[in-house]
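Worksheet for the structure shown next.
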Amino acid sequence: MADTVAVILAAGQGKRMHSRRPKVLHRIAGRCLVEHVLAAVGEAGIKKQIVVIGHGAEEVREALGPEYTYVLQEQQLGTGHALARAREAAGTAATVLVLCGDTPLLRPATLARLLKEHRDRQAAVTILTAVLDDPTGYGRIIRDGQGMVAGIVEERDANPVEKAIREINTGIYCFEAAYLWPFLEQLQPNNDQGEYYLTDVVGLACRENLPVQAVAAGDPEEILGVNDRAQLAKAGAILRRRINMGLMQAGVTIIDPETTYIDATVRIGPDTIIYPGTFLEGNTIIEEGCSLGPGTTLRDCQVGKGSQVIHTVALESEIGPGCQVGPFAYLRPGTVLDARVKVGDFVEIKASRIGAGSKVPHLTYLGDTTVGTGVNIGAGTITCNYDGEKKWPTVIEDGAFIGSNSNLVAPVRVGAGALVGAGSTITEDVPAGSMALARGRQVNLSGRSKKSSEKRQEKG
């Protein structure tokens, strides 16, 4: 669709959000509101996208990145005024698709159908409409005897007959640029708000007997806008329901969709089972046959085929195929688990790589550590990687065995096949194949237990 440009109106403040953040940057299902709109536009095949920014302009620009064209609306003087600011950026595009930045539920297929109908009918303007059980608050679509659009009447101006109309204006339009730009120049702020309304362009087209068409959205939920926190939550619930339904239809088992939270950016392979209370966020990729949850949060993670992750928080980590993680594990950014690694309960790992087949069963902290293959890390082991100023690395080579309650004071290396005795504090490298013991010698004093007992009785 090289001859089409999309203009997303995202300049408003959104006062009812009661937020310092621009309304269009509030997030649901892994994206901010305007990102959902931009994603739908892109998936509909429209490559050139212009974002009209105003309130919090630099914050919006920074959040969305450089791939879009931005137009600044310094004064928010209505939708017509906002679109007029985009004229130069639109260039020679023949068709202009106009959308609102706070409508995150739009489907790409709906936008594609809107554009197709606009072209097939050779319309000057095509309006996306919706039929609502309760149209209160929306402008109504007025049609003539032949069913053609004759205009839009706002609710405050509607008579009782017009208020009974259930077909409403969604604020999403296709315009032929040859008509749009001259009509925008004719707009007047003849209203209580002193603003330039885009709906007046529709009125001008109707008065000149130009072909004005309407295409109804198949699902009225698609056109819901977000103006306050309650509507934000409602839109988020609808998106999560769609995401979960799509995944289940693609072969993913979700035990309880109502308590499973999956971002739109997450990818999950078939035959994966997701238990309640699981959050899958960001650019997370789950391969087939995994088991996740309950009570698990994965953000920007990769999980290999057939892995099990239970009651775990993992951030920016890679979990290889056939791994077992949890319960109650914490994988911090930079963690990489190779194939068949076991990470058990109350284990924290940060910026470390654990080799294939190694085990970190419980009660352990590994930071800035490289662990080889087939290593066993005993309970209570800690890598002491921070000296108060700098982080230092620990290396544990293939086949080593670290006894329980050991402290490895970095920088330190434990060689292949070496054994560290339980309770040791290791401050020097351990050669391959050797055994290291570094603990105080036990001293048993005879009679001490009896004397201590007698003293306690005297005090009693």
Side-chain angles (χ1 to χ4, degrees), residues 1-9 36-52 68-69 71 79-80 82-101 103-131 139 141-152 167-187 197-220 222-223:
M1 298 185 182
D3 62 339
T4 301
V5 62
V7 180
I8 294 87
L9 308 182
H36 284 288
V37 178
L38 290 165
V41 170
E43 291 176 36
I46 303 171
K47 297 187 180 300
K48 185 169 184 179
Q49 302 173 23
I50 299 170
V51 184
V52 181
Y68 306 106
T69 300
V71 172
T79 52
L83 183 55
R85 304 278 75 74
R87 180 172 185 174
E88 182 178 348
T92 60
T95 303
V96 181
L97 174 65
V98 181
L99 309 97
C100 301
T103 52
L105 302 177
L106 285 168
R107 289 188 170 96
T110 298
L111 299 180
R113 183 166 61 90
L114 175 65
L115 286 163
K116 184 177 186 303
E117 292 286 337
H118 177 78
R119 292 195 174 98
D120 289 350
R121 298 181 186 183
Q122 298 182 327
V125 183
T126 303
I127 309 164
L128 182 66
T129 68
V131 178
I141 301 297
I142 308 299
R143 294 180 179 267
D144 62 21
Q146 287 73 44
M148 300 292 292
V149 175
I152 301 171
E167 186 180 19
I168 60 95
N169 173 33
T170 67
I172 299 165
Y173 311 89
C174 273
F175 294 103
E176 284 304 290
Y179 302 111
L180 171 64
W181 306 124
F183 282 156
L184 287 175
E185 293 177 354
Q186 299 178 41
L187 295 185
Y197 291 153
L198 201 49
T199 50
D200 291 343
V201 171
V202 178
L204 290 170
C206 291
R207 281 197 289 275
E208 294 198 13
N209 293 317
L210 294 172
V212 177
Q213 301 288 346
V215 173
D219 181 359
E222 287 190 61
I223 61 90

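One is the number of the first residue; the rest follow in order along the sequence.
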Derivation and outcome, side chain to side chain contact (heavy atoms under 4.5 Å, CB included), residues Ile141 and Asn169: CA-CA 6 Å; Ile141 301 297; Asn169 173 33; 4.0 Å; yes
Worked verdict on Thr170 versus Thr103 for side chain to side chain contact (heavy atoms under 4.5 Å, CB included): CA-CA 10 Å; Thr170 67; Thr103 52; over 6 Å; no
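- Taking OG1 from Thr126 and CZ from Arg119, the interatomic distance works out to 10.0 Å, rounded to the nearest 0.5 Å.
- Counting only heavy atoms from C-beta outward, the side chains of Leu187 and Leu204 approach each other to under 4.5 Å.
- The closest side-chain heavy-atom distance from Asp3 to Thr92 is not below 4.5 Å.
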Full working for side chain to side chain contact (heavy atoms under 4.5 Å, CB included) between Leu180 and Leu83: CA-CA 10 Å; Leu180 171 64; Leu83 183 55; 3.7 Å; yes
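- For the pair Tyr68 and Val51, the tightest heavy-atom approach, listed with the atom from each and the gap, is CB-CG2, 4.2 Å.
- Scanning all heavy atoms of the two residues, the minimum distance from Ala124 to Tyr179 falls at CB-CD1, 3.6 Å.
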Candidate pair Gln213 and Val125, rule side chain to side chain contact (heavy atoms under 4.5 Å, CB included), full reasoning: CA-CA 6 Å; Gln213 301 288 346; Val125 183; over 6 Å; no
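- Put simply, CG on Leu114 and OG1 on Thr110 are 9.0 Å apart, with the number rounded to the nearest 0.5 Å.
- Between Ile172 and Glu222, every side-chain heavy-atom pair lies at or beyond the 4.5 Å cut-off.
- Sparse packing is recorded around CD of Glu88, with 12 or fewer heavy atoms of other residues, nucleotides or ligands lying under 6.0 Å away.
- For Arg85 against Val71, the heavy-atom pair with the smallest separation is O-CG1, 3.1 Å.
- Side-chain contact check for Val5 versus Thr69: every heavy-atom pair is 4.5 Å or farther apart.
- The minimum heavy-atom distance between Ala205 and Val212, with the atom names listed, is CB-CG2, 3.8 Å.
- Between atom CZ of residue Arg121 and atom CE of residue Met148 there is a gap of 8.0 Å, rounded to the nearest 0.5 Å.
- Taking 4.5 Å as the limit, some side-chain heavy atom of Ile127 sits within range of a side-chain heavy atom of Ile152.
- For the pair Leu210/Phe183, a side-chain contact is recorded, criterion being any heavy-atom separation below 4.5 Å from C-beta on.
- One finds the CD atom of Glu117 at 10.5 Å from the SG atom of Cys174 (value rounded to the nearest 0.5 Å).
- Gln49 contributes no side-chain N or O that, together with a main-chain N or O of Ile8, makes up a donor-acceptor pair within less than 3.5 Å.
- Side-chain contact check for His118 versus Thr4: every heavy-atom pair is 4.5 Å or farther apart.
- Partner of Val98 under the side chain to side chain contact (heavy atoms under 4.5 Å, CB included) criterion, chosen from Thr79, Val201, Leu128, Leu9: Leu9.
- Phe175 CZ to Leu184 CG: the interatomic distance, rounded to the nearest 0.5 Å, is 7.5 Å.
- Contact of the Val37 side chain with the Cys100 side chain is not registered, since no non-hydrogen atoms from C-beta on lie closer than 4.5 Å.
- The shortest heavy-atom contact between Ala177 and Pro182 is O-CD, 4.1 Å.
- Annotation for Gln122 and Pro211: closest pair O-CG, 3.5 Å, computed over non-hydrogen atoms.
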